[in-house]
Amino acid sequence: MAFVRKNPLKLNNLQLRTLVLAQVIAKDPNSGKIDEATGEATLLRVPHAHGDHVHVGKFTVAARDASGFENPAVWVALARKGLVKEGYPASIVLTKEGMEYDTGLGDHFLEESDH
């Protein structure tokens, strides 16, 4: 059995958090649209913080964990690594590779919203 290296693209913590949240948004039919033919996903809306948190689909996320959405350098880095297409801030499109990238963070900071 081959060893699969975690984070082979060496994304930093902010890039990892932003990517996993973008994956969650893309999978929410109210916030994202996945092209079944290509595997790419377009974010239809990007959440903005109110108070100390952000709503991402049915989840509540600490605003500090979602700060990458407002940081152009994060999107440039993710585009350079082939995980999103260039186009921020006008559009955010995750490539098939971006949708499939295992950040290892899928369940670390997401909790269902109570409001």
Side-chain angles (χ1 to χ4, degrees):
M1 184 163 108
F3 174 73
V4 177
R5 184 172 168 225
K6 287 284 186 189
N7 195 15
L9 296 178
K10 299 180 181 173
L11 301 180
N12 68 31
N13 287 335
L14 182 58
Q15 293 162 356
L16 287 168
R17 288 192 312 260
T18 303
L19 181 59
V20 73
L21 293 175
Q23 292 168 342
V24 170
I25 292 168
K27 293 174 186 172
D28 178 352
N30 295 317
S31 301
K33 181 178 180 200
I34 298 174
D35 182 331
E36 298 298 330
T38 64
E40 295 180 342
T42 301
L43 303 189
L44 303 175
R45 68 179 84 159
V46 177
H48 297 283
H50 57 278
D52 64 351
H53 66 281
V54 176
H55 294 279
V56 178
K58 63 183 179 178
F59 301 101
T60 301
V61 178
R64 69 182 175 278
D65 289 331
S67 63
F69 283 118
E70 306 294 328
N71 185 334
V74 169
W75 299 106
V76 168
L78 293 175
R80 189 178 63 245
K81 294 180 186 252
L83 301 174
V84 300
K85 290 187 172 185
E86 291 186 33
Y88 175 86
S91 70
I92 298 175
V93 177
L94 277 72
T95 62
K96 182 177 191 267
E97 294 78 11
M99 285 297 294
E100 295 174 349
Y101 195 85
D102 181 6
T103 63
L105 299 176
D107 60 352
H108 284 208
F109 52 84
L110 298 176
E111 59 184 59
E112 290 204 31
S113 174
D114 61 355
H115 69 279

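Since the model is a prediction, treat every value here as computed from it, not as a measurement.
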Indicate yes or no for a side-chain donor-acceptor contact from [X] to the backbone of [Y] under 3.5 Å, with no hydrogens or angles considered.
| X | Y | answer |
| --- | --- | --- |
| K6 | G104 | no |
| T95 | L83 | yes |
| R45 | I25 | no |
| T18 | Q15 | no |

- Item | Flag if over 12 foreign heavy atoms under 6.0 Å of CD, E86 | no

- Query: What's the verdict on side chain to side chain contact (heavy atoms under 4.5 Å, CB included) for E36 and I34, showing C-alpha distance, side-chain angles and the deciding distance?
  - Reply: CA-CA 6 Å; E36 298 298 330; I34 298 174; 4.1 Å; yes

- I would like to know whether H55 and T60 meet side chain to side chain contact (heavy atoms under 4.5 Å, CB included); could you show each step before the answer? CA-CA 5 Å; H55 294 279; T60 301; 3.8 Å; yes

For a quick test of reading the model, state the closest non-hydrogen atom pair linking [X] to [Y] and the distance between them.
| X | Y | value |
| --- | --- | --- |
| K10 | Y101 | N-OH, 4.2 Å |
| F69 | Y88 | O-OH, 3.0 Å |
| E40 | K85 | OE2-CE, 2.9 Å |
| L14 | G68 | CD1-N, 3.6 Å |
| A41 | M99 | CB-SD, 3.6 Å |
| V54 | P47 | CG1-CB, 3.3 Å |

Consider only side-chain heavy atoms of I, L, V, M, F, W and Y, link residues closer than 4.5 Å, and tell whether [X] and [Y] are in one cluster.
| X | Y | answer |
| --- | --- | --- |
| V74 | V24 | yes |
| V46 | V93 | no |
| V20 | L44 | no |

- Item | Point-to-point distance, once rounded to the nearest 0.5 Å, from CZ of R80 to CG of L9 |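 Going from CZ on R80 over to CG on L9, the span is 10.5 Å.
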
- Query: Which distance, rounded to the nearest 0.5 Å, do you find between the CG of L11 and the CG of L16?
  - Reply: 5.0 Å

- Message: Working note: L19 + L94, criterion side chain to side chain contact (heavy atoms under 4.5 Å, CB included); need CA distance, chi angles, decisive distance, verdict.
- Response: CA-CA 9 Å; L19 181 59; L94 277 72; 4.0 Å; yes

- Please lay out, stage by stage, how S91 and T42 fare under the test side chain to side chain contact (heavy atoms under 4.5 Å, CB included). CA-CA 8 Å; S91 70; T42 301; 5.6 Å; no

